[in-house]
Amino acid sequence: MVIVESKRGPFRVSDIYYPEAHGIRGLGRNLAANQIIYVRQAPQFFEPEGPVVHHQAFWTTVVDLTRGTDELFEDLKRTSRTQVRRIERLRDQIEVRRNKGVDSDFLTVYNGFVGVKRHSERLSLRRLQQIKPFTDIFVSYFLGRPLCAHAYIEGQKLKRVGLMLAGSSRFSGSNAGVFVGSINRWLHWYEMRLYKSEGIELYDMGGTGTSTPQKEAIARFKLLLGGKQIVEHNYMIANPVGRLAIRLFYALRRIRSSG
């Protein structure tokens, strides 16, 4: 179980990733008025003792890293294998930085991507600093230019990592979209091998959905990287004040996305 605590305005927000039922027994009991709890990707359904704002079955895509590297590579769909091989030939021109000295480049790539896709909120440096102790951040560079950025929730005890934030510069006019997309697939493959070497057993590429064409496209992309779909459970737990804040937040997001 990974717990990320933060403050958002007057609210105390707890994000609880990958909890087992015994680890969250009594969750929501004696909830403070300004407290909001997000339970993310609980493997089993459970009944919180607090006021559940929302429960959702959450489909995600995972890769079993306990298998051999050759088998993992063969699980990539043909297009992905071709693109990974093509980028490997350019390896001397590619750099991957992990955690140190990447904050500015990560924000540039991620916020540029969000600015085009409008599927999420832009990330501030302050928010990035809040989540950094719980995340593993990668940025890939080609000839010194940052092109792709991934941030993972890392649960070493669980031997699992989960993609939390991702972006690329493929919509930037100064970069070739197909090439950047190939770099992005290669970066996933690089991370799979690295995590496997570090003893991680489950590589979670994050949620998949079919409610919009955009979500369908993301789901197809993740399956191209050899992922298998599993279902877990998400919850939001809050008192009336927190519920109102959540509704306002998502209403503002919809307005920004449609603007």
Side-chain angles (χ1 to χ4, degrees), residues 61-114 116-117 123 128 132 135-154 156 159-206 217-228:
T61 311
V62 299
V63 176
D64 177 5
L65 297 182
T66 63
R67 294 171 301 145
T69 304
D70 290 344
E71 186 179 354
L72 290 172
F73 189 72
E74 285 305 311
D75 269 357
L76 303 181
K77 300 306 179 188
R78 181 183 298 177
T79 339
S80 295
R81 293 198 303 268
T82 300
Q83 291 180 358
V84 166
R85 289 189 184 107
R86 185 178 299 136
I87 298 304
E88 282 287 355
R89 292 196 287 269
L90 303 172
R91 187 65 181 89
D92 60 337
Q93 301 173 67
I94 299 170
E95 179 187 4
V96 179
R97 297 180 193 168
R98 184 182 189 182
N99 293 322
K100 291 184 179 179
V102 299
D103 291 10
S104 177
D105 290 333
F106 180 88
L107 290 172
T108 297
V109 173
Y110 179 77
N111 286 333
F113 186 76
V114 167
V116 174
K117 300 291 285 184
L123 190 70
L128 181 62
K132 274 194 77 172
T135 55
D136 207 10
I137 296 175
F138 295 85
V139 177
S140 60
Y141 299 78
F142 181 72
L143 298 177
R145 178 183 294 178
L147 297 184
C148 303
H150 297 163
Y152 294 85
I153 287 287
E154 186 174 17
Q156 282 288 350
K159 297 186 176 181
R160 174 176 184 167
V161 294
L163 187 63
M164 182 185 187
L165 302 167
S168 74
S169 62
R170 64 190 176 94
F171 297 110
S172 168
S174 59
N175 294 307
V178 174
F179 178 72
V180 175
S182 297
I183 291 276
N184 191 45
R185 294 188 198 209
W186 175 86
L187 181 59
H188 277 288
W189 175 239
Y190 173 93
E191 292 157 349
M192 286 183 207
R193 288 179 295 166
L194 178 62
Y195 280 130
K196 177 178 173 60
S197 73
E198 295 175 347
I200 296 297
E201 296 180 355
L202 199 65
Y203 180 81
D204 181 355
M205 287 186 280
I218 292 171
R220 286 194 299 271
F221 168 77
K222 291 173 180 177
L223 294 172
L224 288 172
L225 294 171
K228 309 296 182 186

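Numbering of residues begins at 1 and proceeds along the displayed sequence. Keep in mind the model is a prediction, meaning the values are calculated, not measured.
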Taking C-beta and beyond as the side chain, do [X] and [Y] meet within less than 4.5 Å on heavy atoms?
X    : Y    : answer
V63  : L72  : yes
F179 : I87  : yes
R185 : L224 : yes
D103 : L128 : yes
D75  : R67  : yes
I153 : T135 : yes
V109 : L147 : no
H188 : H150 : yes

Going from [atom1] on [X] to [atom2] on [Y], what distance comes out if it is rounded to the nearest 0.5 angstrom?
X    : Y    : atom1 : atom2 : answer
M205 : M192 : CE    : CE    : 5.0 Å
K196 : T66  : NZ    : OG1   : 6.5 Å
Y152 : R160 : OH    : CZ    : 13.0 Å
C148 : I94  : SG    : CD1   : 9.5 Å
Y110 : I137 : OH    : CD1   : 11.5 Å
R145 : S140 : CZ    : OG    : 12.5 Å

May I have all residue pairs that pass ring pair (Phe, Tyr, Trp, His ring centres under 6.0 Å) and include part of residues 71-101, sequence neighbours excluded?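 Pairs touching residues 71-101 that pass the test: F73-W189.
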With under 30° as parallel and over 60° as perpendicular, where do the rings of Y190 and F138 fit, or are they tilted in between?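 Taking F138 first and then Y190, their aromatic rings stand perpendicular (interplane angle over 60°).
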Verify, without hydrogens or angle tests, whether R81 (side chain) and L76 (backbone) share a donor-acceptor contact under 3.5 angstrom.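 Side chain of R81 to backbone of L76: a pair is present.
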T61 backbone acceptor or donor facing K222 side chain under 3.5 Å: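 The answer is no, because no donor-acceptor pair under 3.5 Å joins these two groups.
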Give a yes or no on whether a salt bridge exists between E198 and R98, defined as a side-chain N under 4.0 angstrom from a carboxylate O.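 Judged by the 4.0 Å cut-off on N to carboxylate O distance, E198 and R98 do form a salt bridge.
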Step by step, work out the side chain to side chain contact (heavy atoms under 4.5 Å, CB included) result for L123 and L165. CA-CA 10 Å; L123 190 70; L165 302 167; 3.8 Å; yes
Taking all atoms of both residues into account, what is the closest heavy-atom pair of V180 and S168, and its distance?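 The answer is CG1-CB, 3.9 Å.
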Could you tell me which non-hydrogen atom of A151 sits nearest to which non-hydrogen atom of F106, and how far apart they are?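 That closest heavy-atom pairing would be CB-CZ, 3.8 Å.
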W186 versus Q83, side-chain donor and acceptor atoms under 3.5 Å: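 No, W186 and Q83 have no side-chain donor paired with an acceptor closer than 3.5 Å.
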Walk me through it: do R97 and D105 pass the test side chain to side chain contact (heavy atoms under 4.5 Å, CB included)? CA-CA 10 Å; R97 297 180 193 168; D105 290 333; 4.0 Å; yes
NZ of K159: more than 12 outside heavy atoms within 6.0 angstrom?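 Open: at most 12 neighbouring heavy atoms sit under 6.0 Å from NZ of K159.
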I'd like to know whether CZ of R91 has more than 12 heavy-atom contacts from other residues, nucleotides or ligands below 6.0 angstrom.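 Yes.
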